[in-house]
Amino acid sequence: MCGSLRTADAGTRVRIGGWVHRRRDLGGIVFLDVRDREGIVQVSFDPRWTPAEVLRGAAAVGVESVVLVEGEVGARPAEARNADLATGEVEVRAATLMTLGPAATPAIPVARTRGEEPAAEELRLRHRVLDLRRPELQANLVLRHRLLQATRRHLSDRGFLEIETPILTKPTPEGARDYLVPSRVHPGEFYALPQSPQLYKQLLMVSGFDRYFQLARCFRDEDLRADRQPEFTQIDIEASFVQREDIVTLAEGLIVALFAEAGLAVATPFPRLAYADAMERYGVDRPDLRYGLELFDASDVFRGADFGITRAALAAGGRVRGLRLPGGARFSRKQVDELEAIAKSAGAAGLIRLRSAGGALEGPVTRFLGPDAAARLGMADGDLALFVAGPDHVSNPALDRVRQEAARRLELIPPGALAFVWVLDFPLVERDAEAGRFTAVHHPFTAPHPDDLALLASDPARARAVAYDVVLNGTELGGGSIRIHAPDVQERVFRLLGITAEEARARFGFLLEGLRAGAPPHGGIAFGFDRLAMLLAGASSLRDVIAYPKTTAARALFEGAPAAVPPEELSALHLRTDTSDEAAGAAAGD
RNA sequence: GGGACUGUAGCUCAGCUGGUUAGAGUGCCGGUCUGUCACACCGGAGGUCGCGGGUUCGAGCCCCGUCAGUCCCGCCA
């Protein structure tokens, strides 16, 4: 209750427990700031109301110790109020003090001095007990709790059942790498931790639980990023007898509820973009719509120009695409070089630059273009245009990155803007460059668009899926699809993906059997919950909204996982480890 | 798997072109102090410059390797 005391409490006798945030020892009088999860309150130890030995104790107590104080809440003298503190009008006048949990000097500070950087990430993770005491992280975890509860309330109120699915599941060779768990009773066999509850939730639909949700822990053994942890939480949703619109509406309602929990108003319905349009206009399937800067096709303007780079690209069937940056002409040569470096790092050979200044175009390719080029490119005075010549699969990622960086530099991003968009009609499959076969864009259970069923045989790459992603400010919040519920369609898609009937039976037999048992049409969506919490908490790393996160090397520094196990445990699991790589490295070092 | 950055006192950081005894703030310890709130003031302790090797008369600084953390690419159906 430390943080909740107010003027109205003045005169009441209270007993408060908390952690010593700071100590100010003035000699004859001592102040302790005592902190609990609700906030901080000042406790004053003064001979007028504090026995001498209690006062001596207060002078000796170390920060971060757990104390229990009894005393009377009093209004502070007018000149001693603290407007920076929610409890700053009052203080607790201590009569007693008990140190219930004396603390060693903290390895990292909890109460930071003004302007001080937080401790290094490694130390924060190693001393997580202390780091989690910081008010920022406490606020993040409180918000996370509220989002979890709001999710449960919202979905339960709409008839969705929370059903848990197994954590020990069947390994799947497709998709991300599995975390494996050896079986003790079945030598040589393994469970896998779920990458998502996908098949379980579909089979729940087959069993008649027509509305399901779960706050599902998912595990993927892939390399990490600031917004990617090896274990994470999904809001996993599935419903029967639904079409895309039902899921879209449900998802928008949930998003409204969750953002409201964080005090943000969200307008629905969200705008929508077909995947093909998103790629054409933004070069990416999760466009940031907080600003314009749409890409456009300038191939016609460059066609016939005697300029080697664009001529070669156009002759090879590529295009010249680019974007106009209003006011971008003021970028220095160096700044444009930096944008070009970004385009290059995304795979482009370079950027073709055109600057409109003083009513004329400037740039190395100007002399190859007609006199009406500026008008045809829609360029106004002071604009800069940047182009990439080549196939779309090169220009898309390059222009996407350039567009994002240019928007930042031109300060086109309105603070606080929330630009939601649905991206619809994803392709069903794409050709895997190295394997030379088709792979599912979403996953192998996604329903083909009913109008495109014939394309599965004739031109699979053009077939659309009934899949949808919801995107906020260029970040994917969630995605889902209507699933295949007809066993013959599922078998056709497996075939398309190069999965033989035999493989399909071995790997997904339980799904096919389920679909043959009488399956309703169904579909769903999943949201990355941690990322959502991070966004709403205004955090820049997932680690700040997870109580006990892993490092980018998937280590848990706090408890020390993963860890070696005694040989007896390994042999009970019928395992032998082979760390010969490390052994060879060590030997070479001698 | 690849790239970039970082690693100096408990914590946050500085340390010049390679040159005498490696510094500051904060925390910690001791002292003074009755209205502070980053209390103030005085004094003190505190260092494997991540680790290993090399270059050099001499390395915190240069080179190679390695470990850890972070960010990015690949990867993440």
Side-chain angles (χ1 to χ4, degrees), chain A residues 21-33 40-48 50 55 59 62-64 74 76-85 87-88 91 93 104-127 130-131 172-178 195-196 198-199 218-230 232 342 345-347 397 401 426 428-430 432-434 438-446 465 467 476 479 481 493 497 499 528 540-541 543 550-553 555 557 582 585-586 588-590:
Chain A
H21 192 67
R22 259 192 262 269
R23 186 186 59 221
R24 289 178 295 281
D25 180 354
L26 274 61
I29 177 169
V30 175
F31 299 99
L32 295 183
D33 288 342
I40 292 172
V41 71
Q42 171 170 284
V43 179
S44 69
F45 297 78
D46 185 307
R48 283 178 286 169
T50 308
L55 207 149
V63 293
E64 294 310 314
R76 294 198 198 183
E79 69 283 3
R81 296 191 183 136
N82 185 346
D84 297 335
L85 216 55
T87 61
E91 64 185 359
R93 292 172 180 160
T105 301
I108 59 172
V110 176
R112 255 190 297 154
T113 55
R114 199 179 300 142
E116 189 186 3
E117 292 295 312
E121 194 82 32
E122 183 179 354
L123 295 167
R124 291 182 47 200
L125 293 175
R126 202 176 293 284
H127 306 286
L130 293 171
D131 200 37
T172 55
E174 289 208 355
R177 272 184 289 268
D178 285 325
Q195 296 177 27
S196 83
Q198 182 61 34
L199 294 179
C218 305
F219 307 84
R220 294 179 190 171
D221 187 5
E222 295 292 347
D223 291 337
L224 307 175
R225 294 282 187 282
D227 61 353
R228 232 155 66 192
Q229 282 273 308
F232 57 98
I342 288 168
S345 75
R401 299 274 306 275
F426 278 80
L428 184 69
V429 295
E430 64 190 347
D432 187 303
E434 54 191 71
F438 289 110
T439 59
V441 168
H442 188 54
H443 57 52
F445 321 109
T446 298
E476 184 195 324
S481 63
V493 170
L497 298 174
I499 301 170
S540 56
S541 164
R543 292 183 295 273
K550 308 270 190 291
T551 67
T552 38
R555 265 188 195 287
L557 297 181
E582 288 76 7
D590 284 346

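Reminder, nothing fancy here: chain letters follow the sequence lines and each chain counts from 1.
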**OP:** Tell me the partner of A24(B), counting only Watson-Crick (N1-N3 plus N6-O4 or O6-N4) or G-U wobble (N1-O2 and O6-N3) with both under 3.5 Å; none if nothing fits.
**Re:** U12(B)

**OP:** Hunt down the Watson-Crick or G-U wobble partner of A40(B), both distances under 3.5 Å, from any strand shown, or write none.
**Re:** U32(B)

Ignoring the backbone of [X], work out which of [options] is nearest its side chain.
{"X": "Thr551(A)", "options": "G35(B), U70(B), U12(B)", "value": "U70(B)"}
{"X": "Ala107(A)", "options": "G10(B), C71(B), G35(B)", "value": "G10(B)"}
{"X": "Arg22(A)", "options": "C39(B), A77(B), G35(B)", "value": "C39(B)"}
{"X": "Pro109(A)", "options": "C11(B), G10(B), C39(B)", "value": "C11(B)"}
{"X": "Ile29(A)", "options": "C75(B), U70(B), U34(B)", "value": "U34(B)"}
{"X": "Glu117(A)", "options": "C71(B), C11(B), C13(B)", "value": "C13(B)"}
{"X": "Asp33(A)", "options": "C28(B), A77(B), C37(B)", "value": "C37(B)"}

**OP:** Could you tell me whether a side-chain N or O of Gln229(A) sits under 3.5 Å from a main-chain N or O of Arg543(A), the two making a donor and an acceptor?
**Re:** no

Original post:
Where the side chain of Arg220(A) meets the backbone of Gln195(A), is there a donor-acceptor pair that is under 3.5 Å apart?
Top reply: yes

With a cut-off of less than 4.0 Å, is there a side-chain N or O of [X] near OP1 or OP2 of [N]?
{"X": "Arg177(A)", "N": "A77(B)", "result": "no"}
{"X": "Arg24(A)", "N": "U36(B)", "result": "no"}
{"X": "Arg543(A)", "N": "G69(B)", "result": "no"}
{"X": "Arg220(A)", "N": "A77(B)", "result": "yes"}
{"X": "Thr105(A)", "N": "C28(B)", "result": "no"}

Original post:
Which residue lies toward the 5' end of RNA chain B, Asn82(A) or Ile108(A), if each is placed at its nearest nucleotide?
Top reply: Ile108(A)

**OP:** Pick the P atom in U55(B) and in C63(B), then give their distance to the nearest Å.
**Re:** 15 Å

**OP:** Assess whether one donor atom and one acceptor atom, taken from the side chain of Arg48(A) and the base of G35(B), lie less than 3.5 Å apart.
**Re:** yes

Subject >> Side-chain touch Thr87(A)/Gln42(A), heavy atoms, less than 4.5 angstrom >> reply: no

Original post:
Are side-chain heavy atoms of Val493(A) and Phe445(A) found at a separation under 4.5 Å?
Top reply: no

